Amino acid sequence: MPLVARPGIADCPLYVPGSHEVDGIAEPVVLSANENPLGPSDKAVAAYQAAATQLHRYPEGGAVELRDAIGKRFGLSPDQITCGAGSDEILTFLTRIFAGPGDEVLYSQHGFLMYPINAKQVGAIPVQAPESNLRTDVQAVLDSINEKTKIVFIANPNNPTGSYLTTEEMRTLVEGIPENVLLVLDSAYAEYVELNDYSDGSQFVDQYPNVVMTRTFSKIFGLAAVRLGWCYASPQVTDLLNRLRGPFNTTAPSQAAGVAAMEDLAHTDTARAHNNLWLPKLTNELEKLGAIVPPSVGNFLLAGFGEADTTQAAYEYMHKNGVITRMMGGYGLPEYIRITIGTEKENNLLLDVLSNFKG
Ligand SMILES: Cc1ncc(COP(=O)(O)O)c(C=O)c1O
């Protein structure tokens, strides 16, 4: 008898990460994965390197120092923080804990692709709630909940649309969701948003045991390579996560880098200021070149060039000229390319290349 995988694994779509290479170009400009173009904090790199002298030792399994540093930085109880190998790992854990074969996992139409992938891996059914104008529609999400729904994933701001839900919209969502359904507020890009009507969602975790907020070190902290993420959850959900996660699921060098990153407030300020400068500037310049750019509050934006064919041609033209962006067909947006805000030099190169594109 041949081996048979559990339902959902063999037919699960593969997540295809953004490429970092272009044939014939030694150092392409990589604007495809929403990374921090300025890199990590020097202090985080030094801490990572210092940890390399102790590679024969297991890491501290509970990531105590890291959870303390996160708690201190964001004013949260370390007892309710769980760390993981990227927020991806946390999202996987939450799916495994709360959903199984035949259950429904709900997410917004153009939500992050790992939500349906995680759902399929446990044999659950991914269900999309329709969006309006590339924004999560709270009423549509609530209307899509039924007795099979076990988890609702909402990225805020959302990748790839760059749109966000206001605190009041979030409140409507939180209040409308049945208490037996887990609401995951994925705030991977929270540190970029400085708007008064935005909340990272932690306040709702304090009020509702079925709400979890996830965060990452991969974006503003510039530490995508070390794979570090975390979540803030009720004591009940935290306990379940601790039972499921491996005893050493985050590495010692990553934990050390994470602690230093949490303490380096200046690094975050610089990264945010860079984004605040370039997000509107790039939007403006792309619009001048004829692109449609929906409003974004993340470290990336969508650029549409009309029909899907023209958008694909623009993508290929940029790629051929050493600028790697991301086509959005997988997100149901074939007429858009997602572009990460790069360094000044990278952004200017992107604009130069595009200005020569004859769609
Ligand atoms: C909305 C969102 N959530 C989660 C992640 C996963 O981040 P990581 O696993 O690197 O923490 C990403 C990465 O692009 C993302 O865009």
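We use all heavy atoms of the structure for the numbers below, so side chains are in, but hydrogens, waters and symmetry mates are not. Counting convention: from 1, in listed order, for ligands and their atoms alike. Numbers here simply count residues along the sequence, with the first being 1. Just so you know, these numbers come straight off a predicted model, no measurement behind them.
- Atoms of ligand 1 found under 4.0 Å from any heavy atom of G86 (numbered from 1 in listed order, with element): 9 (O), 11 (O).
- Residue contact check for ligand 1: R227 places a non-hydrogen atom closer than 4.0 Å to it.
- At a heavy-atom distance under 4.0 Å, no atom of M114 approaches ligand 1.
- For the residue pair Y189/N34, the side-chain donor-acceptor check at 3.5 Å is satisfied.
- Here the protein heavy atom with the shortest distance to atom 14 (O) of ligand 1 is K219 NZ, 2.9 Å.
- Taking distance alone, with nitrogen or oxygen atoms compared against 3.5 Å, S87 approaches ligand 1 more closely than that limit.
- Aromatic ring orientation, Y115 versus F112: perpendicular (interplanar angle above 60°, classes split at 30° and 60°).
- A salt bridge is absent between D68 and K72: the closest approach of a Lys/Arg side-chain nitrogen to an acidic carboxylate oxygen does not fall below 4.0 angstrom.
- Salt bridge status for E60 with R67: absent, with no side-chain N to carboxylate O gap under 4.0 Å.
- Judged purely by distance below 3.5 Å, without hydrogens or angles, the side chains of T268 and R73 pair a donor atom with an acceptor atom.
- No N or O atom of Y115 sits closer than 3.5 Å to an N or O atom of ligand 1.
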Practice item. Given side chain to side chain contact (heavy atoms under 4.5 Å, CB included), test L354 with F305 step by step and report yes or no. Key: CA-CA 11 Å; L354 264 181; F305 295 85; 3.9 Å; yes

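- Within the 4.5 Å cutoff, the side chain of P116 has heavy atoms near those of the Y107 side chain.
- Residue-level proximity to ligand 1 for Y189 is carried by the side chain, the only part with a heavy atom below 4.0 angstrom.
- Only the side chain of D186 comes within 4.0 Å of ligand 1, counting heavy atoms alone; its backbone N, CA, C and O stay farther away.
- Proximity to A188 (heavy-atom distance under 4.0 Å) selects the following atoms of ligand 1: 2 (C), 3 (N).
- With respect to R215 and D186, no salt bridge is recorded, no charged nitrogen being found less than 4.0 Å from a carboxylate O.
- In terms of protein heavy-atom proximity, atom 12 (C) of ligand 1 is closest to F112 CZ, 3.4 Å.
- For ligand 1, the atoms sitting less than 4.0 Å from at least one non-hydrogen atom of N159 are 1 (C), 14 (O), 15 (C), 16 (O), numbered in the order shown with element in parentheses.
- Among protein heavy atoms, the minimum distance from atom 10 (O) of ligand 1 is reached at S218 OG, 2.6 Å.
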